[in-house]
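Only one structure is covered here, and it is reproduced in the block below.
Residue numbers start at 1 and run along the sequence shown.
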Amino acid sequence: MTKFTMIAAAAMTFATSAFAAAHSELGVEAMDQDVSGGTVTADAITAGANGWLVVHRTDAEMKPGPVVGHAPLKEGMNTDVSAILTEPVASGEMLMLMLHAEDGGMETGIFEYTLGASEDGPVRVEGDLVMTVVTAE
């Protein structure tokens, strides 16, 4: 093996390991909370790249429903991220706080996702959505 090939192989192994490590740490942390002020807050979100906290309505089936809020995220650890709710949420309703990417849209920094679209779509790790569910109080 040439020196260049060995260096390239080592770099690819390191990059793959770093990518896998970064994605294994992605997550959304939040608790049930009062949303009467028109916002919902995630305590901590770890994002592998710039993206979005997206708030979906959900229910006991735990399927993401319509989007009712979003907020921008930066790559890495984000704390106390608040999203303004775009419609009323009643006490007892369940909200899914989900990590979405900033990919595939027409404009960087503009949230372009609609339910089921690929633009600024959900982030998955091993097929699972990166999200948590809270109940509005």
Distance-only donor-acceptor hits, side chain of residues 104-117, under 3.5 Å, sequence neighbours excluded:
| residue | atom | partner | partner atom | Å |
| --- | --- | --- | --- | --- |
| E112 | OE1 | M106 | N | 2.9 |
| E112 | OE2 | M106 | N | 3.0 |
| E112 | OE2 | E107 | N | 3.1 |
| Y113 | OH | G116 | N | 3.0 |

For residues 83-100, run the donor-acceptor check on the side chains, cut-off 3.5 Å, and write out each pair with its distance to 0.1 Å, sequence neighbours left out.
| residue | atom | partner | partner atom | Å |
| --- | --- | --- | --- | --- |
| T86 | OG1 | V68 | O | 3.2 |
| E87 | OE2 | R57 | NE | 3.0 |
| E87 | OE2 | R57 | NH2 | 2.9 |
| E93 | OE1 | R57 | NH1 | 2.3 |
| E93 | OE2 | A90 | N | 2.6 |
| H100 | ND1 | D120 | O | 2.8 |
| H100 | NE2 | H56 | NE2 | 3.2 |

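For CE of M62, the number of neighbouring non-hydrogen atoms (other residues, nucleotides, ligands) closer than 6.0 Å is greater than 12.
Two residues are said to be in side-chain contact when any heavy atoms from C-beta on lie closer than 4.5 Å; T46 and N78 fail this criterion. For the pair V130/R124, no side-chain contact is recorded, criterion being any heavy-atom separation below 4.5 Å from C-beta on. Within the 4.5 Å cutoff, no side-chain heavy atoms of N50 are placed close to those of L73.
Here side chain to side chain donor-acceptor pair (under 3.5 Å) pairs that include residues 35-44, with residues two or more places apart or in two chains, are D34-S36, T41-S82. Every pair tested for ring-ring contact (aromatic ring centres under 6.0 Å, His included) that includes a residue from residues 116-137 fails, sequence neighbours excluded, so the list is empty. Under the side chain to side chain donor-acceptor pair (under 3.5 Å) criterion, no residue pair touches residues 125-137, with sequence neighbours excluded. Sorted by first and then second residue, the salt bridge (charged side-chain N to carboxylate O under 4.0 Å, His left out) pairs involving residues 72-86 (not counting sequence neighbours) form an empty list.
In this structure, I45 is a member of the same hydrophobic cluster as V40, with clusters built from ILVMFWY side-chain heavy atoms closer than 4.5 Å. If you chain together hydrophobic residues whose side chains sit under 4.5 Å apart, V28 and V123 fall into the same group. Residue L53 is grouped with residue V125 when hydrophobic side chains (ILVMFWY) are merged at heavy-atom distances under 4.5 angstrom, including chains of intermediate members.
The two atoms that bring A30 and A42 nearest to each other are CB-CA, 3.9 Å, heavy atoms only.
Checked options T58, L129, V133; the residue passing with P64 is L129 (criterion: side chain to side chain contact (heavy atoms under 4.5 Å, CB included)).
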